[in-house]
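We number each residue from 1, following the sequence as shown.
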Amino acid sequence: MALSKEDWFTKSCADVIHPNSSCNPYWWDCTKDTFVASMKIYAPLYTVTTLLSRLSAKDVLTRAVPAMIRSSAFIGIYCGLYARFSCALTNLFKGHYRVLYWISPFIASLMCIFIEKKGRRNELAVYVTNQAAEALFKMALSRGHGTWIPFKNAKKLLFALAWAALLYFFKYERGSLASSVATLLKVMMGTEDKADWVESQVQTVTSPFFRRVAKMRRPTPPKIHISDVTEVLREIRENNEKQAAGGGSKVPVPHQSALRTSYYVNGFLRGFALGYFVKSTLAFLPKLFNLPSFIKNFKASMSASFGSSSLKFGLFVSLMVGIPRFVRVIALKLLGKDYPAVEALAGFLGGAASIVQCSTEITMYLLFKAVEGLFWFLCKRGILRPIPYGAELLYSLSTATLFYACELEPWSLRSSYRNFLQKTSGGHYLKFSNGAGMTNLREQLSMNVLKKDFKRFKTPT
């Protein structure tokens with residue numbers, strides 16, 4: 001016999017949230033399984049970060065491993081507390097009120113966010129806020145508020161604007177950026193005063209070619225070591241600025257055109273190498289946790305890790321890095337000095353990389369990081385004031401919205417984020433969200449009507 005709406009609404013948590021299990025074992029299983037699954041996700045992530053940062057073995061043991069355990073414990077404890085509060089509140093109020101599925105994750109996230117390192121809280125807040133903003137937009141569509149805007153082309157414009165803002169902040173207002181974003185941009189773009197390790201490796205490969213080109217143009221070998229391209233460009237810029245200010249004459253630098261060319265060519269190669277390395281490593285390392293499957297499907301695993309997907313991402317990053325360098329060289333040659341508008345234009349044109357690959361995840365990440373940079377920029381100018389514990393509160397509000405959507409309006413979330421939740425929860429997310437109890441509860445709360453309305457607004461006739 002089918003249960004009535006009242007029957008499902010007043011059912012205990014054991015029938016809706018965790019069938020075939022009692023509260024305490026379910027809470028412990030969520031905590032344990034999520035911790036283990038998170039360790040598998042954070043291991044390759046921290047490995048890539050360690051390799052790019054060129055940390056020593058001692059730094060890996062004292063910094064990377066504890067950070068990995070701490071982040072995994074944060075997610076595991078949050079998942080367990082979320083399950084615990086969901087059970088407690090539904091039993092306390094004798095019903096599965098929708099607001100309880102927002103309050104439970106809010107309380108759990110507000111308690112657990114303090115487990116994470118303080119420097120990571122801003123990053124987490126920005127990450128979940130961009131996910132929650134998109135979910136709220138889709139919820140509004142399903143309720144008939146607003147119309148569907150074709151996001152495919154607008155996404156490319158947002159990507160270009162965000163990249164322009166980030167490169168501007170990186171060069172002229174670096175203190176406005178989160179430390180992780182500044183480090184990421186430093187790894188991607190390099191530094192202009194001295195060649196870093198990545199730049200040196202790229203220049204080792206390309207410098208013989210440019211030396212040969214220089215010899216063909218002029219028999220006399222260049223007096224300046226062509227590998228230190230960024231330092232020579234800085235010298236050219238300083239000399240041009242002195243001449244423009246009337247403070248000195250322009251000092252000729254041999255083979256300027258070859259040096260400029262190598263600067264932006266190395267930028268394209270640098271970006272490709274970094275993009276290919278990161279994509280292939282993040283795809284390859286998780287497969288090693290399941291060696292039998294990896295060995296059985298060795299050819300397919302290698303192709304998926306080092307094939308066309310990694311090459312495409314390498315080309316994507318190559319354009320993000322190379323095009324701004326090319327624009328800087330042209331502007332420096334024409335104008336003789338740097339201007340903030342030139343850096344913003346270089347970043348905007350670098351947004352042409354979105355033609356190759358324009359994922360919603362990357363676009364929204366860059367957009368919200370740019371908004372974060374703008375916020376701190378305005379705070380430094382005294383226009384805005386930071387809110388005490390604002391990052392922790394923003395994280396808790398956004399996480400509550402996301403987990404409410406996970407259970408009652410899962411169609412409003414990106415499929416990639418649902419897959420991420422399934423992996424990090426050790427498989428518990430789909431058991432809960434797609435279980436008979438939650439499915440029937442959504443049906444009887446008329447949530448599936450919103451799903452149909454969302455599809456109607458998303459695909460206008």
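- Once rounded to the nearest 0.5 Å, the distance linking SG of Cys79 with CH2 of Trp27 reads 11.5 Å.
- Side-chain contact check for Glu407 versus His96: every heavy-atom pair is 4.5 Å or farther apart.
- Contact between Met302 and Phe284 at its shortest, heavy atoms only, is SD-CE1, 3.8 Å.
- Remark: side-chain polar atoms of Arg418 are paired, donor with acceptor, to backbone N or O of Pro410 under 3.5 angstrom.
- Heavy-atom minimum distance, Val128 versus Leu402: O-CD1, 3.8 Å.
- Figure legend: Arg325 and Tyr263 shown as a cation-pi pair, the cationic atom lying under 6.0 angstrom from the six-membered ring centre and within 45 degrees of its axis.
- The environment of NZ in Lys32 is crowded: more than 12 heavy-atom neighbours from other residues, nucleotides or ligands sit within 6.0 Å.
- With Arg174 contributing its side chain and Ala182 its backbone, the two residues share no donor-acceptor pair below 3.5 Å.
- With a 4.5 Å cut-off on side-chain heavy atoms, Tyr78 and Thr31 do not count as touching.
- In this structure the side chain of Ser354 never reaches within 4.5 angstrom of the side chain of Lys155, judged on heavy atoms.
- Between Phe326 and Tyr264, the ring-plane angle classifies as perpendicular under the 30° and 60° cut-offs.
- Around the NZ atom of Lys186, the shell of radius 6.0 Å holds no more than 12 heavy atoms that belong to other residues, nucleotides or ligands.
- Rounded to the nearest 0.5 Å, atoms OG1 (Thr281) and OH (Tyr276) are 9.5 Å apart.
- Between the side chain of Arg121 and the backbone N or O of Glu116, at least one donor-acceptor pair lies under 3.5 Å.
- In this structure, the side chains of Val321 and Phe272 stay at 4.5 Å or more apart for every pair of heavy atoms.
- A pairwise comparison of heavy atoms in Leu100 and Gly95 identifies CD1-O, 3.5 Å as the closest pair.
- Phe169 places none of its side-chain heavy atoms less than 4.5 Å from the side chain of Val181.
- Between atom OH of residue Tyr82 and atom SG of residue Cys30 there is a gap of 10.0 Å, rounded to the nearest 0.5 Å.
- A ring-centre distance under 6.0 Å is found for Phe159 and Phe316.
- Counting only heavy atoms from C-beta outward, the side chains of Arg70 and Arg120 never approach each other to under 4.5 Å.
- For Asn24 against Arg84, the heavy-atom pair with the smallest separation is OD1-NH1, 2.8 Å.
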Practice item. Kindly determine whether Met189 and Lys171 satisfy side-chain contact (heavy atoms from CB on, under 4.5 Å), including the steps that lead there. Key: CA-CA 10 Å; Met189 306 303 298; Lys171 187 166 185 177; over 6 Å; no
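- Separating the OG1 atom in Thr399 from the CZ atom in Phe106 is a distance of 10.0 Å, to the nearest 0.5 Å.
- Aromatic rings from Tyr42 and Phe74 are positioned such that their centres are separated by 6.0 Å or more.
- The OG atom of Ser109 sits 8.0 Å away from the CG atom of Leu397 when rounded to the nearest 0.5 Å.
- Other residues, nucleotides and ligands place no more than 12 heavy atoms under 6.0 Å from the CD1 atom of Ile387.
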Exercise for review: Would you check, one step at a time, whether the test side-chain contact (heavy atoms from CB on, under 4.5 Å) holds for Thr363 with Lys156?
Suggested key: CA-CA 8 Å; Thr363 301; Lys156 296 176 182 178; over 6 Å; no
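- The heavy-atom pair separating Leu394 from Thr129 by the smallest distance is CG-OG1, 3.4 Å.
- You'll find the side chain of Tyr26 reaches within 4.5 Å of the side chain of His428, heavy atoms only.
- A donor-acceptor pair under 3.5 Å is absent between the side-chain atoms of Ser318 and the main chain of Gly314, judged by distance alone.
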Review point. Could you go step by step and tell me if Glu343 and Arg328 meet the salt bridge (Lys or Arg N to Asp or Glu O under 4.0 Å) rule?
Key: CA-CA 7 Å; Glu343 191 65 20; Arg328 289 188 199 122; 2.9 Å; yes
Practice item. For side-chain contact (heavy atoms from CB on, under 4.5 Å), just list the numbers for Ser309 and Phe313, CA-CA rounded to whole Å, side-chain angles, deciding distance to a tenth of an Å, and then say yes or no. Key: CA-CA 6 Å; Ser309 177; Phe313 190 75; 5.8 Å; no
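- Scanning for side chain to side chain contact (heavy atoms under 4.5 Å, CB included) contacts around Ala37 gives an empty result, with sequence neighbours left out.
- In this structure, the side chains of Val126 and Lys369 come closer than 4.5 Å at one or more pairs of heavy atoms.
- Here CH2 of Trp102 is found 14.5 Å from CZ of Arg98. Values are rounded to the nearest 0.5 Å.
- Within 6.0 Å of OH on Tyr389 lie no more than 12 heavy atoms contributed by other residues, nucleotides or ligands.
- Remark: side-chain polar atoms of Ser71 are not paired, donor with acceptor, to backbone N or O of Met68 under 3.5 angstrom.
- Nearest heavy-atom pair across Ser425 and Asp33 is O-CB, 4.2 Å.
- Asn130 places a side-chain N or O within donor-acceptor distance of the main-chain N or O of Tyr127, the cut-off being under 3.5 Å.
- Distance alone, capped at 3.5 Å, places no donor-acceptor pair between the Trp163 side chain and the Gly350 backbone.
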